Protein chains: 2
Amino acid sequence: MSRGQDSADPKERPPRSTRVDKRRALLDGALLVFAEDGYTRASIDTIARRAGVSTRTIYNQFGDKAALFEAVIVDSARRTADEQIATVRRYLGKIVDIEDDLIEFGRVWASPAPEHAPHFALVRQIHADAGHIAETTLRAWQEVGPLRVRKEIAEHLSRIATAGHLTVTDADLAAVHLVQLIAGDITTRTYHGAIPLPVAELHRLSDAGVRAFLHGHISARH
Amino acid sequence: MSRGQDSADPKERPPRSTRVDKRRALLDGALLVFAEDGYTRASIDTIARRAGVSTRTIYNQFGDKAALFEAVIVDSARRTADEQIATVRRYLGKIVDIEDDLIEFGRVWASPAPEHAPHFALVRQIHADAGHIAETTLRAWQEVGPLRVRKEIAEHLSRIATAGHLTVTDADLAAVHLVQLIAGDITTRTYHGAIPLPVAELHRLSDAGVRAFLHGHISARH
DNA sequence: TCCAAGGTACAACGATCATTGCAGTAAGTA
DNA sequence: TACTTACTGCAATGATCGTTGTACCTTGGA
């Protein structure tokens, strides 16, 4: 999980071996296979073939299949969360018009981002397999991924609220509401990315989610 | 999927055999095992043992494992949807105060209902395994379960809207928003029912969801 | 009492799979 | 040049599993 000690020479250390490259290739290939097939169905041979690596290397690097799965979960969650946090900062950093800005944010957030589709399929696998995954792994995943993203969104919403644009009592909960309204229905309808869902429909759903987040559905308007 | 012809004698037909009982026991037992372990991990032997039935009976009744899985999906979806639709009718049939009534509905909707917990675990398995389930099965499941429930909620929301309590342009979408705000966060936090979540917290989340559904988060109040 | 339908126990087959050991190889380093 | 490190290919092992065939039992109805 964490590097024991930094053996960082002051001078540039030449790529001492392909060790790190193989590890990277394995994390990427295993993500694809685990995302498609799930933990049990995914075979070590398939993963090795997809990563361009021998099965023996998997065991040398990770120990066993469960450890590889856990490494993939944490790695993929961190990478995706990094991207999402960048998106949040880019679109919620400066608010001019709260509705326009949230709608633009929602459209980007709800966009497929095809290179991250495997990650979301993996998340579905985690949800389904939670009963067979170590507690520590689940916690590590939550902290490095979803919770980090939620915290980022919540902090932005709080700031926007103090600026007078929003009424937010529980920022974490508001963050959950926002992302669920924006993308909740989409993720259930774009099964494992197999059904792409046209962009226009995607924007319609996301826009409606943002408006619901802001105004609600009660008819006390005007 | 559908009974070919009704061989219904006019007089009470005595329980001709245990055939239907075994089928029922199998659907119930298989639901538990599939929900806990997922399709691939669940073994026929385990299912047979849990249902109090020989493995041979499974093959005689359903043909193979995949067919049993599909039968379980559709059966469980129908039963759960029936319950949910009854809840919708009971709590949204007559509206006195829109906020009070929705909050009461939300609390019931978000309640664990421990006897249906396996179904929701099964739904997570379906979401994860969608790529390995026949299109026809997925469609049948959607129609007999989630879509039926969504339609019921949407119709009630439309009626409530015409009565002047709500502003609803897309009733289906509004229905999705409502259930996601009420229970969206809960289902992700009560992993396979292992973490029960205290009732007070559950009500807090559900109430906040209902209020967000009605009023939104914008600070244009008063 | 006898029949037939449906259930059970049991053994077996073939396939898949995680995991390990071993022998060989390529490449960086002393 | 010799040593070390990490990767590869291959074979083997032990376990699990879906599926089938078979012989036997139970029970409700003719």
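Order of the sequence lines sets the chain letters (A, B, ...), proteins ahead of strands, with each chain counted from 1. This is a predicted model, so every value here is computed, not measured. Scope of the values below: all heavy atoms of this structure, side chains included, with no hydrogens, waters or symmetry mates.
Rounded to a whole Å, the CD1 atom of B:Ile58 is 12 Å from the P atom of C:dA9. Across the protein-nucleic acid pair, A:Asp64 atom CG and C:dC17 atom P stand 17 Å apart, rounded to whole Å. For A:Asp21 and C:dA27, the CG to P distance is 14 Å, given to the nearest whole Å. Per the geometry, CG belonging to A:Asn60 stands 13 Å off P belonging to C:dT19, to the nearest Å. The NZ-C1' distance, from A:Lys65 to C:dT16, rounds to 11 Å in whole Å. Atom P of nucleotide C:dG7 and atom CZ of B:Phe62 are separated by 11 Å, given to the nearest angstrom. B:Leu68 has its CG atom 14 Å from the C1' atom of D:dT19, to the nearest Å.
Judged purely by distance below 3.5 Å, without hydrogens or angles, the side chains of A:His156 and A:Arg159 pair a donor atom with an acceptor atom.
Less than 4.0 Å separates DNA chain D from no heavy atom of any residue of residues 36-50 of chain A.
Between A:Asp28 and A:Arg24 a salt bridge is recorded (basic side-chain N to carboxylate O distance below 4.0 Å). Salt bridge absent: B:Glu143 and B:Arg139 never bring a charged side-chain N and a carboxylate O closer than 4.0 Å.
Along DNA chain C, the nucleotide closest to B:Thr55 and the one closest to B:Arg23 are compared, and the more 5′ of them pairs with B:Arg23.
OP1 or OP2 of C:dT8 sits under 4.0 Å from a side-chain N or O of B:Thr57. Within the 4.0 Å cut-off from OP1 or OP2 of D:dT8, at least one side-chain nitrogen or oxygen of A:Lys22 is found. Within the 4.0 Å cut-off from OP1 or OP2 of C:dG6, not a single side-chain nitrogen or oxygen of B:Gln61 is found.
Note: A:His217 and B:His177 meet the aromatic proximity criterion, with ring centroids under 6.0 Å apart.
Aromatic ring orientation, B:Phe34 versus B:Phe69: perpendicular (interplanar angle above 60°, classes split at 30° and 60°).
With D:dG18, C:dT8, D:dT8 as the choices, the nucleotide that has an atom nearest any side-chain atom of B:Val53 turns out to be C:dT8.
Counting only heavy atoms from C-beta outward, the side chains of A:Phe105 and A:Val210 never approach each other to under 4.5 Å. Two residues are said to be in side-chain contact when any heavy atoms from C-beta on lie closer than 4.5 Å; B:Leu27 and B:Leu31 fail this criterion. Residues B:Arg211 and B:Leu181 have side chains not in contact (no heavy-atom distance under 4.5 Å, counting atoms from C-beta outward).
The minimum heavy-atom distance linking A:Leu173 with B:Ala208 is given by the pair CD2-CB, 3.4 Å.
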At a cut-off of 3.5 Å, list every protein nitrogen or oxygen paired with a nitrogen or oxygen from nucleotides 21-23 of chain C, distance to 0.1 Å.
{"residue": "C:dG21", "atom": "N7", "partner": "A:Arg56", "partner atom": "NE", "Å": "3.1"}
{"residue": "C:dG21", "atom": "N7", "partner": "A:Arg56", "partner atom": "NH2", "Å": "3.2"}
{"residue": "C:dG21", "atom": "O6", "partner": "A:Arg56", "partner atom": "NE", "Å": "3.3"}

